[in-house]
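Whatever order the structure lists them in is the order used to number ligands and atoms, beginning at 1.
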Amino acid sequence: MKIDSSLAAVVTGGASGLGLATVKALRAGGVQVAIFDLNEETGEKAAAETGAVFCRCDVLSDDSVDEAFAKARAAHGQERALVCCAGGGNAIPTARRDKATGKINIFPSDKFEWVLRLNTVGTFRCITRAAAGMMTLEPIDGERGVLVNTASAAASEGQMGQAAYSAAKAGIVGMTLTIARDLSREGIRVNTIQPGIFATPAMKGAPQQMLDALGAMVPFPQRLGHADEYASLALEIIRNGYMNGETVRLDGAIRMQPR
Ligand SMILES: NC(=O)c1ccc[n+]([C@@H]2O[C@H](COP(=O)([O-])OP(=O)(O)OC[C@H]3O[C@@H](n4cnc5c(N)ncnc54)[C@H](O)[C@@H]3O)[C@@H](O)[C@H]2O)c1
């Protein structure tokens, strides 16, 4: 698919981190971009800086996602590319004994479910809407659209406390080929990026010592990933018409340790 001003794209989680870097890279290629994000302040700011359109969107809600797609399409027409970056997690042990009191605490089910709803269901919710819209378009070079999802190294090697996040991201990896098969007759491709550890605002809370230690765990290059390296791969997936049904690790060869 050509990356130029004739293309309309939607980036969820586009107000920050990997999503924002993708918005910038698409805008540099002339693409008309809609940022879907929960955070209105950072979303409006990112839109003003990049020349994108901000659409407030909570990927947890059907109504909110439908409203965001309606606003994006009113501005740019039907999108042919969707990049899903909205996501996040929590860190809670499956069951843990409190060293001081001896009390045993479990991972609350509602907190587990929330991570699945945010990452797996939230991504799928956006995919269904985008795919349905793309199906109304005439194909260009046989192709109607392309979907890019974001999983995580945790889908393969979740660290301690990441049971929900690992399950949610493994769900995204697991549904990728199935969705590619479902949409194959319509000329819509879907692929997933599995990032290692990237320097984004999501990591900002961590102390520098910990970030340095994380970077040193990466075989090569020994550093955290840059968000524009994620964006570069997202754009290549959009561009490369033969890439479909695949999950690609982008992680400097890191394999996460238990903690
Ligand atoms: N940074 C990393 O090291 C890393 C590694 C692996 C995977 N990931 C994944 O990459 C994606 C982007 O991560 P990031 O590091 O850029 O995070 P980030 O926190 O910088 O950006 C995430 C964006 O998603 C938005 N968002 C959160 N909940 C939302 C909701 N319900 N509806 C709409 N938008 C919502 C936030 O407002 C934020 O702007 C996430 O799915 C994350 O799990 C990140």
Kindly confirm or rule out an N or O of L18 lying under 3.5 angstrom from an N or O of ligand 1. yes
Could you find the nearest protein heavy atom to atom 32 (N) of ligand 1 and give me its residue, atom name and distance? V59 N, 3.0 Å
Considering heavy atoms of the protein only, find what lies nearest to atom 34 (N) of ligand 1 and give residue, atom and distance to 0.1 Å. L38 N, 3.3 Å
Please check whether I197 reaches ligand 1 - meaning an N/O of the residue sits under 3.5 Å from an N/O of the ligand, judged on distance alone. no
Are T150 and ligand 1 in contact, using a heavy-atom cut-off of under 4.0 Å? yes
No-hydrogen, no-angle side-chain donor-acceptor test under 3.5 Å, T200 and Y230: no
Between the side chain of T12 and the main-chain N/O of C85, is any donor-acceptor distance below 3.5 Å? yes
Report yes or no: does T12 have a heavy atom closer than 4.0 Å to ligand 1? no
Hey, is Y230 one of the residues with a heavy atom under 4.0 angstrom from ligand 1? no
Just need the protein heavy atom nearest to atom 8 (N) of ligand 1, so name the residue and atom and give the distance. Y165 OH, 3.6 Å
Considering only the protein, which heavy-atom contact is closest to atom 11 (C) of ligand 1, and what is its distance? C85 O, 3.0 Å
Is there a heavy atom of A151 sitting under 4.0 angstrom from any atom of ligand 1? yes
Identify the two heavy atoms, one from R125 and one from R129, that lie closest to each other, and give their separation to 0.1 Å. O-CD, 3.1 Å
Would L26 and L235 count as a side chain to side chain contact (heavy atoms under 4.5 Å, CB included) if you check the C-alpha gap in whole Å, the side-chain angles of each, and the deciding distance to 0.1 Å? CA-CA 7 Å; L26 287 167; L235 264 64; 3.7 Å; yes
Return the minimal non-hydrogen interatomic distance between F198 and L250, and the atom names on each side. CE1-O, 3.4 Å
How does T200 reach ligand 1, by side chain, by backbone, by both or by neither, if only non-hydrogen atoms under 4.0 Å count? side chain
Counting non-hydrogen protein atoms only, what is the nearest one to atom 33 (C) of ligand 1? Give residue, atom name and distance. C57 O, 3.0 Å
Decide whether an N or O pair under 3.5 Å exists between D37 and ligand 1. yes
Would one find an N or O of F198, backbone or side chain, under 3.5 Å from an N or O of ligand 1? yes
For atom 31 (N) of ligand 1, find the nearest protein heavy atom and state the residue, atom name and distance (0.1 Å precision). D58 OD1, 2.9 Å
If we number the atoms of ligand 1 from 1 as shown, the ones under 4.0 Å from a heavy atom of S16 are 16 (O), 18 (P), 20 (O), 21 (O), 38 (C), 39 (O)
Quick check on contacts: which atoms of ligand 1 are under 4.0 angstrom from a heavy atom of G196? 3 (O), 5 (C), 6 (C)
Approximate separation, where rounding is to 0.5 Å, of L233 CG and M243 CE: 6.5 Å
Are S156 and Q194 linked by a side-chain donor-acceptor pair shorter than 3.5 Å? yes
CG/N90 to CZ/F107 distance, rounded to the nearest 0.5 angstrom? 4.0 Å
Option set A227, G13, G88, criterion heavy-atom distance to atom 22 (C) of ligand 1, minimum: G13
Within the distance-only criterion (no hydrogens, no angle test), does the side chain of T176 pair as donor or acceptor with the backbone N or O of N191 below 3.5 angstrom? no
From NZ (K45) to CD (E49), nearest 0.5 Å: 4.5 Å
Using heavy atoms and a 4.0 Å limit, tell me yes or no: is K169 in contact with ligand 1? yes
Atom 17 (O) of ligand 1: closest protein heavy atom, distance to 0.1 Å, is A202 CB, 3.5 Å
What about I127 and V59, same hydrophobic cluster or not, with Ile/Leu/Val/Met/Phe/Trp/Tyr joined at side-chain heavy-atom distances under 4.5 Å? no
For the salt bridge (Lys or Arg N to Asp or Glu O under 4.0 Å) test, which of R259, R249, K169 pairs with E157? R249
Between L118, N39, N149, L224, flag the one that comes closest to atom 28 (N) of ligand 1 by a heavy atom. L118
Flag side-chain contact, heavy atom, 4.5 Å: M203 against L214: yes
Where does A153 meet ligand 1, judged by heavy-atom distances below 4.0 Å: at the side chain, the backbone, both, or neither? neither
Please report whether ligand 1 has a polar contact with L60, defined as an N or O pair separated by less than 3.5 Å (distance criterion only). no
What atoms in ligand 1 come closer than 4.0 Å to a heavy atom of G17? 16 (O), 20 (O)
May I ask you to check if ligand 1 and T42 share an N or O to N or O distance below 3.5 Å? no
Could you give the distance from CG (N105) to CD1 (I92), rounded to the nearest 0.5 Å? 10.5 Å
When rounded to the nearest 0.5 angstrom, what distance separates OG1 in T192 from CD in E246? 9.0 Å
What protein heavy atom is closest to atom 27 (C) of ligand 1, reported as residue, atom name and distance in Å? G87 O, 4.3 Å
